K.L.:
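First the structure, then my questions, so here it is.
Numbers here simply count residues along the sequence, with the first being 1. The structure presented is a predicted model; accordingly, all values stated were derived computationally and were not measured.
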Amino acid sequence: MAEIIQERIEDRIPELEQLERIGLFSHAEIKAIIKKASDLEYKIHRRTLLKEDFINYVQYEINLLELIQRRRARIKYSFKKDEIEYSMVHRVQGVFGRASAKWKDDVQLWLSYIVFCKKWGTKTHLSKIFSAMLAIHSNKPALWIMAAKWEMEDRLSSESARQLFLRALRFHPECPKLYQEYFRMELMHAEKLRKEKQEFEKAAMDMGDFDHPEEILKGELARIIYKNSISKIKGAEFHVSLLAIAQLFDFAKDLQKEIYDDLQALHTDDPLTWDYVARRELEIESQPGEEQPVSKQAKAVEMGRREERCCAVYEEAVKALPTEAMWKCYITFCLERFSKKTSSVPLRGQRLERTMLAFRKAHELKLLSEVQYKQWIDLLLRQDLFKEALQVAEAGTELFKDSVAMWQTKLQVLIDSKSPDVEMRFEEAFAHLKPQVCLPLWISWAEWSESAKSQEDTEAIFKKAIIAVTGASSVTLKEKYLDWAYRSGGYKKARAVFKSLQESRPFSVEFFRKMMQFEKEQEPCKMVTLREYYERALREFGSSDSDLWMDYIKEELSHPFGKPENCGQIYWRAMKMLQGQSAELFVAKHAMHQAGH
């Protein structure tokens, strides 16, 4: 092994001599490079090979290449690249080759190899790398697309890209993404041929071998792919995606029309089709004979007309396809248009009216989802229509009695409208819902009570909540209760609440840290009380929370009444209690602290 490494180091000598001769590196730096290179070579030639060693080797060589580039730029010297950089690049490729052969399944390693070759100008080598990678990872469509894209865009070889896509489709005959990218590639190819033809015609040159059939120039190959793909992959979503790609190419108007007509013929029962057809009306401009709008007012009127046309399509759609999904498309469109900024008051009014009407019609047909009820209520509240918002919230909770979010929305409407029935409605909600999901409602009730009721009433709510909410959900509630106690009654009240809850498990570390923080804000801050809180917290979390032990040690060292002599004992207690990685983390943090970091 030593002979191999010595030989590889000797192979480096010509490039290192050149680096020193042209002044890019000093003699001392060259010696450091040789030493580091020897260490790296030994690691990648030993009997037990580690992937990390190969990665470190490659990273060191790349860093060195980049440093050489920066120094060349600084001294404005661009010669001897064949003897320096190209030699290094070839060596890195060899290391990448060994690593990718050893760890064939590591896609990230292959991708790093490809990125390196692209960056350092060895593109001729890339075709072989892609072929080797795809032979192993033929089950990953994204890699086939990457390879085809490189052939098309970097090597300008449409034929190679086409062959790759055809091979990929043999492995993945029902992959939508492959068909989409293959379709796009053929359209790009046709566009490129059309531009070449135009350039030849402009220059009045003989087309020769560049004279392609008219069908190819019109995108006939893309049309074939489209026809094959829709026979394999069903659904309006895929159909629409191909139409969106075709619309990027102006020359493919006939193909766009064919795809659009097929979409309407094949997927009339899919809401996505109707949604696409309706939204298309927004893009259709005024008739050529009509005068184009110039003023802001005229533009607003024109936009209003387009939106009317869209809604007419949606109205037809919800009659032909009266489903929740179809109404969702219609309402989403109305909300999107209403959220668009406009200075035209009539246009904004039309949008609001349309949106409200769509919500009402869907509600009458009982085809609104829970999310849409919430959207409707939010819209009504923004318009200060509290009475109607409350009616909608009532209807929503009737339909979705088990939904916490729906009840919370309804209760928020009652709070915002300053209803006298808030308390009664909270009780009603708890009667309908399971206790384990009611945490958000208890918190909302307590927050409302804090601003609207007495301290006694709010505390009574917290006490009820602590009994009703159990398990992990109660942790947040206890923190909220403690915060409220400190806000409303100061430290004395917070300590009383802490003592009442200190045996009511489960807890969070934050629950104890809050009490520590409250104690630190007092004058004077008692170290005896802080120790009590730390000890209580460590009983619960001492086996897993290394930060808690470190903070305890720091507190003893920094507090005016702390006892630094206790730190050793705390350290050994921590080492006994902490387990696994937590113990290692604690040792590292303690060492850093002792070193002054």
Side-chain angles (χ1 to χ4, degrees), residues 331 335 338 352-353 355-357 359-360 362-364 366 368-470 473-474 476-490 493-494 496-497 500-501:
I331 288 166
L335 287 169
F338 180 69
L352 179 61
E353 190 180 336
T355 309
M356 293 296 190
L357 190 60
F359 272 122
R360 286 190 200 108
H363 166 62
E364 286 165 12
K366 292 188 167 51
L368 276 183
S369 66
E370 182 186 336
V371 171
Q372 286 164 330
Y373 270 107
K374 288 170 72 181
Q375 288 174 335
W376 190 6
I377 292 163
D378 287 342
L379 182 63
L380 290 164
L381 290 175
R382 288 204 301 274
Q383 306 305 313
D384 294 329
L385 299 168
F386 290 106
K387 189 177 177 183
E388 197 174 340
L390 188 53
Q391 289 169 354
V392 173
E394 293 279 3
T397 47
E398 274 299 311
L399 284 170
F400 304 99
K401 287 181 180 175
D402 297 334
S403 167
V404 180
M406 199 69 244
W407 277 101
Q408 195 165 14
T409 304
K410 176 181 171 179
L411 291 163
Q412 195 56 53
V413 173
L414 288 163
I415 291 167
D416 291 346
S417 58
K418 297 183 170 52
S419 168
D421 302 330
V422 173
E423 204 156 357
M424 186 175 73
R425 296 296 192 182
F426 269 111
E427 296 284 6
E428 185 189 347
F430 294 130
H432 281 95
L433 296 167
K434 294 174 183 174
Q436 60 265 35
V437 299
C438 288
L439 175 64
L441 296 188
W442 283 111
I443 292 170
S444 295
W445 193 7
E447 286 172 353
W448 167 77
S449 179
E450 187 178 356
S451 58
K453 295 280 185 176
S454 66
Q455 280 190 27
E456 290 76 16
D457 291 334
T458 306
E459 185 156 24
I461 290 166
F462 272 118
K463 284 179 177 175
K464 276 188 199 174
I466 292 293
I467 295 165
V469 181
T470 56
S473 301
S474 66
T476 307
L477 194 60
K478 286 164 194 164
E479 291 173 15
K480 294 275 183 188
Y481 189 8
L482 201 60
D483 278 332
W484 169 81
Y486 190 61
R487 276 198 311 274
S488 60
K493 178 76 175 171
V497 167
S500 72
L501 295 175

K.L.:
Name the atoms and distances for all side-chain donor-acceptor pairs under 3.5 Å in residues 406-419, with sequence neighbours left out.
P.N.:
residue : atom : partner : partner atom : Å
Trp407  : NE1  : Lys401  : O            : 2.9
Gln408  : NE2  : Ser444  : OG           : 3.1
Thr409  : OG1  : Ala405  : O            : 2.8
Lys410  : NZ   : Glu394  : OE1          : 3.0
Gln412  : NE2  : Asp416  : OD1          : 3.1
Ser417  : OG   : Val413  : O            : 2.8
Ser417  : OG   : Leu414  : O            : 3.2
Ser419  : OG   : Asp421  : N            : 3.1

K.L.:
Using 4.0 Å as the upper bound for N to carboxylate O, is an ion pair formed by Glu450 and Lys480?
P.N.:
no
K.L.:
Rounded at 0.5 Å granularity, tell me how far CZ in Arg487 sits from CD in Gln455.
P.N.:
11.0 Å
K.L.:
How about Glu353: does its CD atom have over 12 heavy atoms from other parts shown lying under 6.0 Å from it?
P.N.:
no
K.L.:
When the ring planes of Tyr481 and Phe462 are compared, do they come out parallel, tilted or perpendicular, using 30° and 60° as the limits?
P.N.:
parallel
K.L.:
Find out whether Gln383 and Glu388 are in side-chain contact, i.e. whether some heavy atom of one side chain is under 4.5 Å from a heavy atom of the other.
P.N.:
no
K.L.:
Who passes side chain to side chain contact (heavy atoms under 4.5 Å, CB included) against Glu427, sequence neighbours left out?
P.N.:
Trp445, Lys464
K.L.:
Got a salt bridge between Lys366 and Glu398, using NZ or NE/NH1/NH2 to carboxylate O under 4.0 Å?
P.N.:
no
K.L.:
According to the salt bridge (charged side-chain N to carboxylate O under 4.0 Å, His left out) rule, which pairs have a member within residues 371-387, sequence neighbours left out?
P.N.:
none
K.L.:
Atom CD1 of Ile331 and atom NE2 of His363: how far apart are they, to the nearest 0.5 Å?
P.N.:
11.5 Å
K.L.:
With rounding to the nearest 0.5 Å, note down the distance linking CD in Glu428 to CG in Leu433.
P.N.:
10.0 Å
K.L.:
Can you name the residues that form a salt bridge (charged side-chain N to carboxylate O under 4.0 Å, His left out) with Glu370, not counting sequence neighbours?
P.N.:
none
K.L.:
Is the closest side-chain heavy-atom distance between Leu379 and Leu385 below 4.5 Å?
P.N.:
no
K.L.:
Which residues pass the ring pair (Phe, Tyr, Trp, His ring centres under 6.0 Å) test with Phe359, not counting sequence neighbours?
P.N.:
Trp376
K.L.:
Of all the heavy-atom pairs spanning Ala389 and Leu381, show the shortest one and how long it is.
P.N.:
CB-CD2, 3.9 Å
K.L.:
Shortest non-hydrogen contact from Val404 to Val437?
P.N.:
CG2-O, 3.3 Å
K.L.:
Kindly give the heavy-atom pair with the smallest separation between Val469 and Pro435, and that separation in Å.
P.N.:
CG2-O, 4.5 Å
K.L.:
Checking Ser451 now: which residues fulfil side chain to side chain contact (heavy atoms under 4.5 Å, CB included) with it, not counting sequence neighbours?
P.N.:
none
K.L.:
Can you name the closest pair of heavy atoms from Ile466 and Leu477 and give their distance?
P.N.:
N-CD2, 3.8 Å
K.L.:
So, using side-chain hydrogen bond (donor to acceptor under 3.5 Å, both in side chains) as the criterion, who are the partners of Glu479 when residues are at least two apart?
P.N.:
Ser508
K.L.:
How far apart are the C-alpha atoms of Val497 and Lys478, what are their side-chain angles, what is the distance that settles it, and do they pass the side chain to side chain contact (heavy atoms under 4.5 Å, CB included) test?
P.N.:
CA-CA 9 Å; Val497 167; Lys478 286 164 194 164; over 6 Å; no
K.L.:
For Ser449 versus Thr458, what's the shortest heavy-atom pair and its separation?
P.N.:
OG-OG1, 2.8 Å
K.L.:
What is the minimum heavy-atom distance between Ala468 and Trp442, and which atoms define it?
P.N.:
CB-CZ2, 3.7 Å
K.L.:
Evaluate the criterion side chain to side chain contact (heavy atoms under 4.5 Å, CB included) for residue pair Glu456 and Glu459; output intermediate values, then yes/no.
P.N.:
CA-CA 5 Å; Glu456 290 76 16; Glu459 185 156 24; 5.9 Å; no
K.L.:
Any salt bridge (charged side-chain N to carboxylate O under 4.0 Å, His left out) pairs touching residues 429-444, not counting sequence neighbours?
P.N.:
none
K.L.:
Looking at residues at least two apart in the chain, or sitting in another chain, which of them share a side chain to side chain contact (heavy atoms under 4.5 Å, CB included) with Thr470?
P.N.:
none
K.L.:
Do Leu482 and Leu501 have side chains that get closer than 4.5 Å, going by heavy atoms?
P.N.:
no
K.L.:
Of all residues at least two apart in sequence or in a different chain, which pass the salt bridge (charged side-chain N to carboxylate O under 4.0 Å, His left out) check with Asp457?
P.N.:
none
K.L.:
Mind checking side chain to side chain contact (heavy atoms under 4.5 Å, CB included) for Asp402 and listing every partner two or more places apart, or none if nothing turns up?
P.N.:
none
K.L.:
Working to the nearest 0.5 Å, report the span between NE2 of His432 and SG of Cys438.
P.N.:
11.5 Å
K.L.:
Please report the interatomic distance OG(Ser473) to CD1(Ile443), rounded to the nearest 0.5 Å.
P.N.:
9.5 Å
K.L.:
Going by ring pair (Phe, Tyr, Trp, His ring centres under 6.0 Å), name the residues that satisfy it together with Phe338, two or more places apart in sequence or in a different chain.
P.N.:
none
